[in-house]
Amino acid sequence: MVSLASQPEPVNSETKAIADARPTRQGPASRLESATEPSQITATSRHSILQTQPPSSLVPSTRPRALVEDSEGDSTPAAPSDSPRAYKRQRIDCQTNPPSGSTVLSAIDRTSCTQNPSTDRMFIPRPDKPSTSSVSIDTISEAGPSSITLDKAPRSNGITTINGFKPNGSSPTSNGISKHSSSVARVSLPGTTLYDDPYVDREEFVRLVIQSLRDVGYNESAATLEAESGYSLEAPEVTEFRQHILNADWANAESLLSHLTAVDEEAIWEAHFLIGRQKYLELLEARKTAAALQVLRNELAPLSTNAEQLHALSSLIMCSDPEDLRRRASWDGASGTSRQTLLSEMQHFIPSTTMIPSRRLAALLTQSRYYQREHCLYHNAPMNAASFSLFSDHHCDREDFPCVTTTVLDVHTDEVWNVAWSHDGLRLASASKDKTAIIWRIGPDAEPSSRECVVEFTLREHPFPVGALAWSLDDSILATSADQLILLWDTKTGKCMQTLDSHSETVSALVWLPDGSGFMSASLDRKIFSWDMAGKLRDDWSGVPIRVTDMAVTPDMTRLVTVGMDYIAIPPTMADASRGVSREPTPPPPTSNGNDAAVVGSRPSENRMIVYDLKSKAIELSLPTDGELTSVKITEDSQFALINHAPDEVHLWDLNEGRLARKFTGQHQGHHVIRSCFGGIDGNFVVSGSEDRNVYVWHRDTGVLLEILPGHGVGSVNSVAWNPRNERMFASCSDDFTIRIWEPLPQYAAGGLLSSGNVGRNGKGKGKVRS
Amino acid sequence: MGMKYRRYLAGERIYGCSKCKTHLATIHSMVSRAFNGQHGRAYLFDGVVNVVEGDPNDRQMTTGNHTVRDIYCVKCATILGWKYDRAYEASQKYKEGKYILERNLLVDVQ
């Protein structure tokens, strides 16, 4: 810093110029001095010298003093015993440097001298190099870090570049740093921890802070902190190494590598291989095939133990153009992020104390955020700075959870069996035993008492009770099922456009495909059909081994999850399937279902979940279950399936692992079709109907039962549906002929709402608002 | 009552509703073919599925007085026969809890 301070350059001077200029004047000389007069100035005297140093002191007079600190290590290899930090550094250095560190380092000096005369600036930190290697020093010297910082200043710009910041912007502050930090005294603190607790190491913490400051461009503050704390972000060779990688200076990167790693030889080979691979790919990308071949033969081949890997690399020579190369190598090119990726791969070989992983503090804060989110049972807020302050633990109030009925839709004349929201969240379809489906308009008004809530269409032409409901992606078509029939309704006119009668038994599930190409239907007739938008049969999955009771497609279109009953091991033949009723190939097992013991010939229903690969129709998973399965829903990330399992359980299946991840218990389910769903931000809640009139809500990640919501009348709550556009609203439907809309307690006019009692919302809709 | 899917039977011979083919009983649960109903021959079964039972009422039959309930197909609501709640004659007690399906209203749905 001292030398920089002496630079008369204006603020705008280019950093590299500074860096390059310095060594020529002082670099070599200082090294000499440090070698020859290592112990002339004692450690105690150094403080005062530095403190009294005027910022503008001349180079010749200041430089030797700064150098003395660097040389201290040479003279006193053992760190002062009262400095806890020295112990730490000692440990690290032992890890990171081979015993014969000094000789190796001199080799480095040579390489940097001879091969990179243009990077003379690397010399500046050199004086402390020997000290690093000799265990005790480098940055131990109390003022050392600041001088290192100084020297490093231009390169630390390189660091910020990595993190996406423009390097140029920080050069002016380099001067500032030098001036400022030169006047900052190191603060000596007892102990090695940040506070009293033994878990946070002060050096680690300070280095994280320095890294964060650098990342956002507070370079002066970072330098000050380095000076004051005596800790530097990282050893200069780490900075150099990073720079070499990012600049594709492979030779220098590799020569530094062995000093940075603490792993055994074999692992270093692996690191060399990765660097060589990058080099090879970049040469290929630049169409320097001959040079690439050289690398492949002379560098990669001796390092690789994996012939297949080598073969794959060599085959890339055949790539027709760089684009082809990048695609086949799954590599984004020299101008992409591949060098940064290589750097983060290098992290496996370099101890994190030597090279701190990038944006480490942010990573820790993210972990903290996830931890708090996981422990927030009523979590229903988006993950942003507003809901996650660093100053307080995140917490969502129960009051914000939709646990109050704000609207009761009371128009159906029989049990309501199913509900489904349109994708825009403004309409709700309900399916009833009264042989109608109703499309309700639920207005966008946030205030329930003034919200429009009316029957838009009553879909009457169902010859049977209505079971399944599904909105097309653009909400223009509503598909409903009435026993074996599928009806398609125009949701703008409320007219039935088409009736599909290909199924021979009850259609239990209708699902629009996430790619908008059409929809699928599943039935108790052991068939799954795929239909196009116009209602034309596209595909016929005959031979499904279960009578499907529900089905869902993962949002990523990879899987079809079905649940059902009456599993038969050998699927019916095509001929059987085409006759509509499949033949049972095996005689019924002797035991009989407790429930229908009297019915001879009725066998225990073999319930099963079957997961298909959607494209190939191959069965990925086929699992028998104890009880009847009545509902399937899938998480947004396509990983989990939520399945109602009688008696009295809801299961969460991990589709990737093929295992049961969690059970939700408490609700009642015997012999009826009860459905559940995910809800809230990130699907944090699991909600289910129940045969005891209540709605049950659990915290998805812990399985904790959060709410048992009363309100519905006698009978079962058959289905629930969370509003896809409003994470604070869901609907439930019941045998009591009604649908309830659940929301948080209205914050305004709550009293008025409570007293409003049964109020006809609209002459047509007869929607009623209660509280 | 709640939503419920119809039950499906398995076996060599399944009797279904002649109108809508809903599964009703298997030959394994048949107790007797020697019954008569309103439409001719009728069968007595141990158990049937997918039927709705009507209200009980007393009926004088050739074998004496019985308390019976009409049974309807759960899907198409056709009256298919009846269920014996109670037989007044001691010799007819074996019918209690059993079901009559009229042959002419049945169809094989194998």
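So that the names make sense, note that chain A is the first sequence line, chain B the second, and so on, each numbered from 1. Only this structure's heavy atoms are used, side chains among them; waters, hydrogens and symmetry mates stay out.
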Minimal heavy-atom distance between G2(B) and W417(A), with the atoms involved, is C-NE1, 3.8 Å
- request: May I have the step-by-step check of side chain to side chain contact (heavy atoms under 4.5 Å, CB included) for K4(B) and H672(A), ending in yes or no?
  value: CA-CA 5 Å; K4(B) 224 171 169 173; H672(A) 294 131; 3.9 Å; yes
Pair count under 4.5 Å, heavy atoms only, with chain B: among L524(A), N718(A), D483(A), highest is D483(A)
So, the part of T549(A) with a heavy atom under 4.5 Å from chain B: the answer is both
Okay, S719(A) and chain B: the region with an atom under 4.5 Å from a heavy atom over there is neither
| task | Check the surroundings of atom CZ in R460(A): do more than 12 heavy atoms from other residues, nucleotides or ligands lie under 6.0 Å from it? | result | no
d(M3(B) CE, S716(A) OG) to nearest 0.5 Å is 12.0 Å
Between the SG atom in C20(B) and the CZ atom in F464(A), the distance rounded to the nearest 0.5 Å is 7.5 Å
Check your understanding: Any luck finding a side-chain donor-acceptor pair between Q484(A) and K75(B) under 3.5 Å?
Key -> yes
- Message: Counting neighbours of CD on E53(B) that are heavy atoms of other residues, nucleotides or ligands and sit closer than 6.0 Å, is the number greater than 12?
- Response: yes
What I want to find out is whether R7(B) reaches D566(A) closely enough, with some N-O distance under 4.0 Å, to be called a salt bridge. no
Checklist line | Donor-acceptor pair between Y8(B) and E505(A) side chains, under 3.5 angstrom | finding: yes
